[in-house]
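One structure is given here, and the rest of the page talks about it.
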Amino acid sequence: MMHSAASKTAVAGRELRRGVGSMTARAMSGVPSWATLDPDSLSGSKPCKLENLVDGSWKGTNEYMNVPDPMNGEDFIQMPATKGSELDEFKNSLRKVPKSGVHNPLKNPDRYNMWGEISFKAARALHDPEVEDFFIKCIQRTMPKHRAQALAEVHVSRTFLKNFSGDGVRFMARGFTVSGDHNGQESRGYRWPYGPVAIIAPFNFPLEIPVLQLMGALYMGNKPVIKGSPQTSMVLEQYVRLLIDCGMPPEALDLLHADGPETQEVVTDTPVRMTQFTGSSGVATRLLQATTGKVKVEDAGFDWKVVGPDVKDKKDIEYVAWQCDQDAYAISGQKCSAQSMLFCHENAAEAGLFDQMAKLAERRNLEDLSIGPVMSWSTQRIMEHKERVLSIPGAKVLFGGEELENHTIYEKYGAVQPTAIFVPLDSMLSSEENFEIASTELFGPFQIVTTYSDKDVDRILEACERVPHHLTAAVVSNDPAFQHKMLANTVNGTTYHGIRARTTGAPANHWFGPAGNPNGAGIGTPEAIRLVWSCHREIIQDNLIPSDWNTPSEAT
């Protein structure tokens, strides 16, 4: 199960280098004119060298970090190891930015139109089959995932850019007015930029998440310094080069290739007034402390799904099983919205939901990258966590739980089968230690499943209450009373309900982000951009003195 023969692994590596990744991929005729690398030819013998963008200029560094190919461990990217005095240029660039931003509703408003035009051109570029294919291949080379998943990143980014083309940027910055107490007085509310800001982007969506957060920062009048994950920053750099080709002034943003401590130094030694971070809760906590709370966070998500009592028909079971497989194991489970815990009503379990899930997981393989490297957990660490979970009384492996066979995945990454471990609800909730083990987010193809009966619904809510992070959730039921009880007593920021409910979903048409956290960051919508990348400013006009006004006779 899930084991690929050595020959298949070798073929997969060759296909990935050619940018194939699936039988439906077409051959690439070339690279875009603005691109500085060819993802087809990247290898240990022919690596690419990345550059920083600072104060409008592309620059190298004295030292470089070697980035390994996730599929075989070869060093195939040389990333600037920016440090020491090389950070000064970034600090000075950010110090030039006023608190009122590069533009705002009263200053340089023509830039709203400029960004609308740039967004239009960038969206049109991503419609070009050559450009689309280029980014798909760049994503697959750095964060191996099925071609359909990489294509979805390009599509979401393109849709986002289309949404904010033309007057979309200007409308997003719309304010409001409130009448005053007397003639000549009026209160006006504005969305105001922060000025110098920072973005720290994750590895799992190397195009989509940086694009959405970066453009939101720029739209609202900020100047960002953006730092991508070392494993995948190649993709981000190529997107910045596309923006410049679409008319973006090079000095509009700074692109920093660096390690974590150096990035924190740039953020804390400059007047950066807000940092948007997507990644682990541990790093988020350190950033919050280092910046005295000036961080908007889209961090870890131990995301739950509850399958309701009405899910028992064959067609329902087949669909729900397919969605569970997608939610838990697409991109090898490396989504902050991945299904981490499944509460399954005994009706659905008796109807064969777990068996259907096992059959679907069996189809995943390295050849088409429907299962692939786990970039933040080693195989050893995953297996150690599996044993911890199995130490809970009554826990057992439903399927998976073993290392992939005959693979060449980089040794520091994980290579495991899609895994589901059953933990009895009573055992899970019997102690804080057991619940802590069961609710540990493993950023990979790994989920906890349990069953419950009608009398256990309040205990399911107790478990949801105890989960520390509240990003996404799913209530898989068409029963209005069951839906209402679950929705009314939980807080997850992005929650789906209905028979087609999921935990994962691209934020092209809805808010995506956590709830219950005052530092929470959203993504994808005008509301998310306003919340994260602007603050409220009130300006009160009061300019008419009444003709019959006289100085009061007494002080008050």
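For this chain, numbers begin at 1 and follow the sequence in order.
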Would you tell me whether [X] and [Y] have side-chain atoms, one donor and one acceptor, within less than 3.5 Å of each other?
| X | Y | answer |
| --- | --- | --- |
| K227 | S233 | no |
| N92 | R95 | yes |
| S100 | K107 | yes |
| T504 | D327 | yes |
| N52 | T61 | no |
| Y219 | S119 | yes |
| R124 | H127 | no |
| D254 | S93 | yes |

**OP:** Would you list the pairs meeting salt bridge (charged side-chain N to carboxylate O under 4.0 Å, His left out) in which at least one residue belongs to residues 286-297, sequence neighbours left out?
**Re:** none
**OP:** Please list all pairs passing the salt bridge (charged side-chain N to carboxylate O under 4.0 Å, His left out) test where one or both residues lie in residues 257-285, with sequence neighbours left out.
**Re:** K91-E265, K91-D269
Qualifying residues under side chain to side chain contact (heavy atoms under 4.5 Å, CB included), relative to [X], sequence neighbours excluded:
| X | result |
| --- | --- |
| A152 | none |
| R241 | W34, T36, E51, W58, E237, Q238 |
| T159 | N163, A508 |

Original post:
For the ring pair H103 and Y112, is the centre-to-centre distance below 6.0 Å?
Top reply: yes
Original post:
Between Y413 and H407, is the gap from one ring center to the other below 6.0 Å?
Top reply: no
Subject >> Any pair counted as side chain to side chain donor-acceptor pair (under 3.5 Å), so long as it reaches residues 195-216, sequence neighbours left out >> reply: Q213-W533
**OP:** Taking only Lys NZ, Arg NE, NH1 and NH2, and the carboxylate oxygens of Asp or Glu, determine whether E86 and K59 approach each other closer than 4.0 Å.
**Re:** no
**OP:** I would like to know whether W377 and H385 meet side-chain contact (heavy atoms from CB on, under 4.5 Å); could you show each step before the answer?
**Re:** CA-CA 10 Å; W377 281 64; H385 180 66; 4.0 Å; yes
**OP:** Please say whether the positively charged group of K99, taken as NZ for Lys or CZ for Arg, lies over the ring of Y194, i.e. under 6.0 angstrom from the six-membered ring centre and within 45 degrees of the axis.
**Re:** no
